[in-house]
Protein chains: 2
Amino acid sequence: MSNLIDKHEFKDSAYGQLARIGKALSSPKRLELLDLLCQTDRTVEILSRETEMTVANTSQHLQVLEAARLVRAKKQGRFVVYSLADALVSDFFRAFRVLAEDRLAEIEQLRRRFLEAGADLDPVDAEALIDRVQKGEVVAIDVRPIEEYKTAHIPGALALPLQELKRRLSELPRNKEIVAYCRGPYCVLAIDAVRLLRARGLRAHRLEASVQDWRARGLPVAIGMEQSSIKALQRRAR
Amino acid sequence: MSNLIDKHEFKDSAYGQLARIGKALSSPKRLELLDLLCQTDRTVEILSRETEMTVANTSQHLQVLEAARLVRAKKQGRFVVYSLADALVSDFFRAFRVLAEDRLAEIEQLRRRFLEAGADLDPVDAEALIDRVQKGEVVAIDVRPIEEYKTAHIPGALALPLQELKRRLSELPRNKEIVAYCRGPYCVLAIDAVRLLRARGLRAHRLEASVQDWRARGLPVAIGMEQSSIKALQRRAR
DNA sequence: CAAATAATCAAGCGAATAATTGAATATGTC
DNA sequence: GACATATTCAATTATTCGCTTGATTATTTG
């Protein structure tokens, strides 16, 4: 009977365990890491570069997330690849974001202040997008790094990472509307892409939703590379 | 253009705002307060008594929750009544608890160690409960404080706060099965109730679900006082 | 208007946390 | 087996957090 615990211990440690998850979500940098891992798996070094932290610091934050069982570490050769512990975590993170945006008007204000310069980057209606892509009315481009595209992307979207966008402008039709998307509301890749495209005289818009938001609405998601993107790569290789 | 912000500021403060919610959820005591407020509104003093904290400390924690817009304070006379900012918060808290239980096996172990003494307090099948209550096969009792019962309870359940249980034992039929419920998995009221009833020779079981869990499953919820509970009160008044 | 009550504020202390730095541990390559 | 690379560990510092104590601000009651 030595391992019996009393009411207070029970309550305190039950809430204490819950708080472990809360603590993991209480640091901006950890949330950024989690958001990145929602897109695709990554090594410590890549994560440290993307979040602009030292490797040691990144490693420590990742260990906090791991202790809360939100992410998992897997050793591959001399790399350690971190990934979400479960798809449920991605869903939860989205719910967390929605709650936060709902509660904290400050986030919305921030976004507006940031977007002010680029005028309206008119968010696009998600439901209508797939049809218009299939009909060839618009070209959807995924401006995230290629690994994230491979993990999951919007069906019919062209893989066109922001870094390559300037060099590959000729691949885009000048007479069609272009819709760019990235990791979601806090990601600036699509915003940059739209600004660049508009500066070159193209009709570009931004889809604010991420692939995860897309999936959460019950819309289909594609994985791997698509023919159109492979062809584009081959054209460039020549 | 002075209020424009750059990418880094945007990203940092967006995640910073998110982290405010995370911080609010990172303290066991704050989670306990939130869990209590999911049941019903309360004044600072009552909350401080229920969580066994000083009033000043309770007040401070509540202000953190308020800053994260998870709860709302309303001055009523010389009391300040805190309540959930929104019903969404209750849903989110449940999702948070589910995620935590899913991730942290430690919580389940804790519960098992705690329940060991009382043997199995056989959790009851929620779906079947309503029918059995209506057919008169079982008596459901809500052992939370009466205010929480009034805010929301399982239809047909008798309001029988744990504190009054000992005195009002005679109201319970000795030949029927009794199902007690309280605030949910981390609440010990129903556990105590079942132990007491069993010690008196009654056939008692515990429903682990809270009213909120009940509602989340799409099952009906009643508010206010029910006839059966009012009659019981009147019988006692005579 | 004074007394009592409810809640908040302000100051202070010890513990926990985030980030830096440099060393240590694996792992793969020459 | 020496070396380079990826990651973690350990020690340090500045900051933040949780909690206590005592004073202060509202509001009701006598």
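Note on naming: letters A, B, ... go to the chains in the order of the sequence lines (proteins, then strands), and numbering restarts at 1 for each one. Just so you know, these numbers come straight off a predicted model, no measurement behind them.
- Counting any heavy atom pair closer than 4.0 Å across all strands shown, A/Val55 reaches a base atom.
- Note on B/Glu164 versus B/Arg167: no salt bridge recorded, every NZ/NE/NH1/NH2 to OD/OE distance being 4.0 Å or above.
- Looking at DNA chain C, the stems built from 3 or more consecutive Watson-Crick or G-U wobble pairs, each pair with its key distances under 3.5 Å, are C:1-30 with D:1-30.
- By the 4.0 Å N-to-carboxylate-O rule, B/Lys11 lies close enough to A/Glu32 to be salt-bridged with it.
- OP1 and OP2 of C/dA7 both lie 4.0 Å or more from every side-chain N or O belonging to B/Ser59.
- Within the nucleic acid shown, B/Thr58 has no heavy atom closer than 4.0 Å to any nucleic acid atom.
- Note on B/Asp102 versus A/Arg69: no salt bridge recorded, every NZ/NE/NH1/NH2 to OD/OE distance being 4.0 Å or above.
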Using a 4.0 Å cut-off on protein heavy atoms (strictly under), produce a 5'-to-3' string for nucleotides 23-30 of chain D with B for base contact, S for backbone-only sugar-phosphate contact, and - for none. ---SSS--

Decide side chain to side chain donor-acceptor pair (under 3.5 Å) for A/Thr151 and A/Thr40; before the verdict, give the C-alpha distance in whole Å, the side-chain angles of both, and the deciding distance to 0.1 Å. CA-CA 6 Å; A/Thr151 301; A/Thr40 195; 2.5 Å; yes

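- In this structure, CG of A/Leu62 is placed 13 Å from C1' of D/dA6, rounded to the nearest angstrom.
- Using a 4.0 Å heavy-atom distance criterion, A/Val80 is classed as a sugar-phosphate-only contact.
- Salt-bridge check for B/Glu101 with B/Arg103: failed, with every basic side-chain N at 4.0 Å or more from each acidic carboxylate O.
- A salt bridge links A/Arg183 to A/Glu148: at least one charged side-chain nitrogen sits closer than 4.0 Å to a carboxylate oxygen.
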Are B/Ser59 and B/Gln63 close enough, and set up right, to give a side chain to side chain donor-acceptor pair (under 3.5 Å), and what steps lead you there? CA-CA 6 Å; B/Ser59 174; B/Gln63 282 171 64; 3.1 Å; yes

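- Remark: P of D/dA4 and CZ of A/Phe79 are 17 Å apart, rounded to the nearest angstrom.
- Classification of B/Asp41 and B/Arg72 as a salt-bridged pair fails, no side-chain N sitting under 4.0 Å from a carboxylate O.
- At D/dA6, none of the side-chain N or O atoms of A/Tyr82 fall inside 4.0 Å of OP1 or OP2 (strictly under the cut-off).
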Treat primed atoms plus P, OP1 and OP2 as sugar-phosphate and everything else as base, then score nucleotides 14-21 of chain D 5' to 3': B for base contact with protein heavy atoms under 4.0 Å, S for sugar-phosphate contact only, - for none. ---SSBBB

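- With B/Ser48 as the fixed residue, the side chain to side chain contact (heavy atoms under 4.5 Å, CB included) test singles out one of B/Leu62, B/Thr58, B/Thr54, B/Leu33: B/Thr58.
- One finds no salt bridge joining A/Lys150 and A/Glu147 here, because no Lys/Arg side-chain nitrogen approaches an Asp/Glu carboxylate oxygen to under 4.0 Å.
- The ring of A/Phe92 has its center closer than 6.0 angstrom to the ring center of B/Phe92.
- Rounded to an integer number of Å, the gap from A/Ile46 CD1 to D/dT5 P is 16 Å.
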